[in-house]
Undergrad: 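Below you'll find the structure I mean.
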Amino acid sequence: MSAEGAVSVDHVWKRFRVDRGRRLLRDHLSRAGNTIRGSRNDDSWRWVLRDIDFQVAPGESVGIVGSNGAGKSTLLKIISGLMFPYAGEVRTSGQVGALIEVAAGIHNELTGRENVMIYGNLLGLSRKQVNARFDEIVEFAEVEQAVDRQVKYYSSGMKVRLGFAVAAFLEPAILIVDEVLAVGDSSFQQKCLERMREVLTGGTTLLLVSHDLASVGASVSRGIWLADGRVQTDGPIEDVLGDYRHAIEVEAEQNSRMQGDIRVTSVATTGVDGRLPAVAEDVTVKLTVTTDRERDARLYLGISEGQATPIFVVMHAASLAEGSTEYEILLERLPLPPNRYFLWFGAWDHHTLEQATPWQPIGPLLMSGQRRLDRVPKAIVRLSPVYVSAQWSKVQ
């Protein structure tokens with residue numbers, strides 16, 4: 001492999017030992033005896049990656065998606081050299097910058113300035129190269145007033161910003177990013193997205209793992225969906241996200257038996273004049289809830305891309321009679337780009353705040369229309385404070 005920025009993952013397997021309790025001396029002796037006698041207990045191992053095989057061209061941007069435990073972070077650690085595979089081979093060409101634990105390379109006893117210099121040297125850059133980018137790094141991290149202070153006096157957010165800034169501004173040939181968007185506030189997350197776009201424009205290869213599917217879709221051109229340690233789909237990012245969302249929907253339908261004391265028995269969504277819900281237009285959700293007794297409750301409705309973390313949530317304080325109650329919920333000018341989403345529902349007692357119905361998916365939401373950059377953001381940042389005006393009305 002000669003082209004700088006190329007990545008080759010050749011039939012990689014990875015397993016971890018499953019320890020069911022404390023490891024004592026007798027356990028080690030037992031394992032050693034079994035090894036000598038040639039016996040093997042396959043139940044003591046868990047395969048995290050199974051025959052992973054793909055190539056990434058220089059300058060390509062790839063998003064890796066999947067549920068928790070699918071093997072995404074393990075794969076990135078192997079590609080970055082932090083972990084070795086059980087079988088198979090990984091080859092990379094050029095300098096690799098890994099943002100797997102953003103603040104992992106930051107030392108508390110050193111100042112911000114010293115951390116920038118040492119971190120840059122560890123990534124393979126000369127002191128002159130780091131100095132050339134120093135001002136940009138400090139400005140991006142927003143630590144100008146604290147750059148000569150020991151990092152142990154920084155807030156956790158300042159450490160995260162400094163770690164990301166150093167790795168992202170040193171412009172490696174291959175940038176590996178694992179859940180950076182899960183840390184920091186929403187404004188910093190958006191800065192991370194913009195910086196990754198700038199890095200891609202410069203020809204850097206990007207491997208991105210995130211549960212924020214909207215940000216993945218807005219940042220990369222190719223996707224790889226992992227499930228149970230195997231590649232399920234590899235192709236254009238919209239196709240891969242579509243397959244992943246469909247799998248989430250199928251799983252939700254298979255587990256569609258509603259749990260809780262306040263149950264959703266029917267749900268439907270419509271747009272303006274009965275059309276499909278569309279970008280930046282009003283959407284009506286018709287919801288029927290059933291309970292076995294009268295109660296005052298707080299009803300919560302949220303929209304997500306499949307995972308439990310919602311893009312936004314609306315709430316209604318309700319006095320429910322025994323039996324069924326039907327609501328119409330008007331979501332005004334819903335700021336979601338065209339895509340497939342999921343409605344989630346949960347309920348809590350209004351007075352005691354005890355959970356009456358656990359947070360769970362209740363049905364899909366398909367947004368139609370065309371992307372309008374003047375109406376919707378380029379990427380929706382996970383956990384960002386999106387506000388949607390909602391009106392709940394009881395159907396008589």
Side-chain angles (χ1 to χ4, degrees), residues 67 211 213 242-279 281-336 338-369 386-396:
S67 60
H211 284 99
L213 302 187
D243 290 346
Y244 180 43
R245 291 187 179 103
H246 178 69
I248 295 173
E249 182 179 349
V250 170
E251 183 179 357
E253 290 177 353
Q254 292 174 345
N255 301 322
S256 59
R257 184 178 179 182
M258 191 74 183
Q259 302 176 4
D261 297 332
I262 300 174
R263 299 173 298 281
V264 175
T265 53
S266 70
V267 60
T269 57
T270 57
V272 176
D273 298 328
R275 302 193 309 266
L276 283 174
V279 177
E281 293 184 359
D282 294 348
V283 174
T284 300
V285 179
K286 295 182 179 180
L287 201 67
T288 302
V289 297
T290 302
T291 181
D292 298 331
R293 62 181 177 85
E294 292 185 3
R295 62 193 309 160
D296 294 330
R298 298 184 182 184
L299 309 180
Y300 292 85
L301 179 72
I303 294 179
S304 84
E305 291 188 293
Q307 67 273 21
T309 305
I311 299 169
F312 69 88
V313 173
V314 295
M315 188 274 288
H316 176 64
S319 295
L320 300 176
E322 180 182 347
S324 297
T325 305
E326 184 177 350
Y327 286 97
E328 286 190 355
I329 307 161
L330 178 64
L331 304 174
E332 299 180 3
R333 298 181 59 81
L334 199 57
L336 297 178
N339 226 327
R340 194 174 189 86
Y341 301 91
F342 293 86
L343 297 169
W344 287 68
F345 177 83
W348 279 257
D349 185 277
H350 183 73
H351 304 290
T352 65
L353 298 184
E354 292 182 357
Q355 186 181 72
T357 301
W359 190 241
Q360 56 197 287
I362 57 174
L365 169 64
L366 181 63
M367 295 293 294
S368 64
V386 176
Y387 173 76
V388 173
S389 178
Q391 301 177 21
W392 294 63
S393 57
K394 187 180 296 185
V395 179
Q396 302 297 330

Undergrad: What heavy-atom pair brings F342 and R245 nearest, and what distance separates the two atoms?
TA: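 Closest heavy-atom pair between F342 and R245: CZ-O, 3.4 Å.
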
Undergrad: Using the six-membered ring wherever Trp is involved, compare the ring planes of W348 and Y300 and label them parallel, tilted or perpendicular (cut-offs 30° and 60°).
TA: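 It falls in the perpendicular class, over 60°.
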
Undergrad: Over all heavy atoms of both residues, which pair between M315 and W392 is shortest? Give the atoms and the distance, please.
TA: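 Smallest heavy-atom distance, with atoms named: O-NE1, 3.7 Å.
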
Undergrad: Are V313 and W359 close enough that some pair of their side-chain heavy atoms sits under 4.5 Å apart?
TA: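 V313 reaches W359 side chain to side chain.
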
Undergrad: Would you compute the distance between atom CG of D349 and atom OG1 of T352 and round it to the nearest 0.5 angstrom?
TA: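 It comes to 3.5 Å.
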
Undergrad: Taking all atoms of both residues into account, what is the closest heavy-atom pair of P358 and G260, and its distance?
TA: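 Looks like CD-CA, 4.1 Å.
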
Undergrad: Which distance, rounded to the nearest 0.5 Å, do you find between the CG of L276 and the OG1 of T270?
TA: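 Interatomic distance, L276 CG to T270 OG1, rounded to 0.5 Å: 9.5 Å.
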
Undergrad: Roughly how far apart are L336 CG and F312 CZ, rounded to 0.5 Å?
TA: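 If we round to the nearest 0.5 Å, L336:CG and F312:CZ are 5.5 Å apart.
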
Undergrad: If we only count heavy atoms from C-beta on, is the S304 to W344 side-chain gap below 4.5 Å?
TA: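 The answer is yes, as the side chains (C-beta and beyond) meet within the 4.5 Å cut-off.
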
Undergrad: Specify the closest pair of heavy atoms between L299 and Y327, including all atoms of both residues, with the distance to one decimal.
TA: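 Smallest heavy-atom distance, with atoms named: CD1-CE1, 4.0 Å.
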
Undergrad: Kindly list each side-chain donor-acceptor pair under 3.5 angstrom involving residues 282-291, sequence neighbours excluded, with atom names and distances?
TA:
{"from": "D282", "atom 1": "OD1", "to": "R333", "atom 2": "N", "distance (Å)": "2.9"}
{"from": "T288", "atom 1": "OG1", "to": "S266", "atom 2": "OG", "distance (Å)": "2.9"}
{"from": "T290", "atom 1": "OG1", "to": "S324", "atom 2": "OG", "distance (Å)": "2.9"}
{"from": "T291", "atom 1": "OG1", "to": "R293", "atom 2": "O", "distance (Å)": "3.3"}

Undergrad: Looking only at non-hydrogen atoms, find the nearest pair between K394 and S319 and report the distance.
TA: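 Smallest interatomic distance, heavy atoms only, reads NZ-O, 3.5 Å.
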
Undergrad: Might you point out which heavy atoms bring L365 and P277 nearest each other, and give the distance in Å?
TA: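 Minimum heavy-atom separation between L365 and P277: CD1-CG, 3.8 Å.
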
Undergrad: Would you say L330 and E332 make side-chain contact, with heavy atoms under 4.5 Å?
TA: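 They are in contact (side-chain heavy atoms under 4.5 Å apart), so the answer is yes.
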
Undergrad: Taking C-beta and beyond as the side chain, do P310 and I303 meet within less than 4.5 Å on heavy atoms?
TA: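 No, too far: nothing below the 4.5 Å cut-off.
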
Undergrad: T357 versus R263: any side-chain heavy-atom pair under 4.5 Å?
TA: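 Counting from C-beta outward, T357 and R263 never come under 4.5 Å.
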
Undergrad: Could you tell me the separation between the CD atom of Q391 and the NE2 atom of H316, rounded to the nearest 0.5 Å?
TA: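 Those atoms lie 12.0 Å apart.
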
Undergrad: Please examine the side chains of V267 and F345, heavy atoms only from C-beta on, and report whether any two atoms are closer than 4.5 Å.
TA: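 Contact flag for F345/V267 side chains = no.
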
Undergrad: Between I262 and R295, is there a side-chain heavy-atom distance shorter than 4.5 Å?
TA: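 When only atoms from C-beta onward are counted, I262 and R295 do touch, with a gap below 4.5 Å.
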
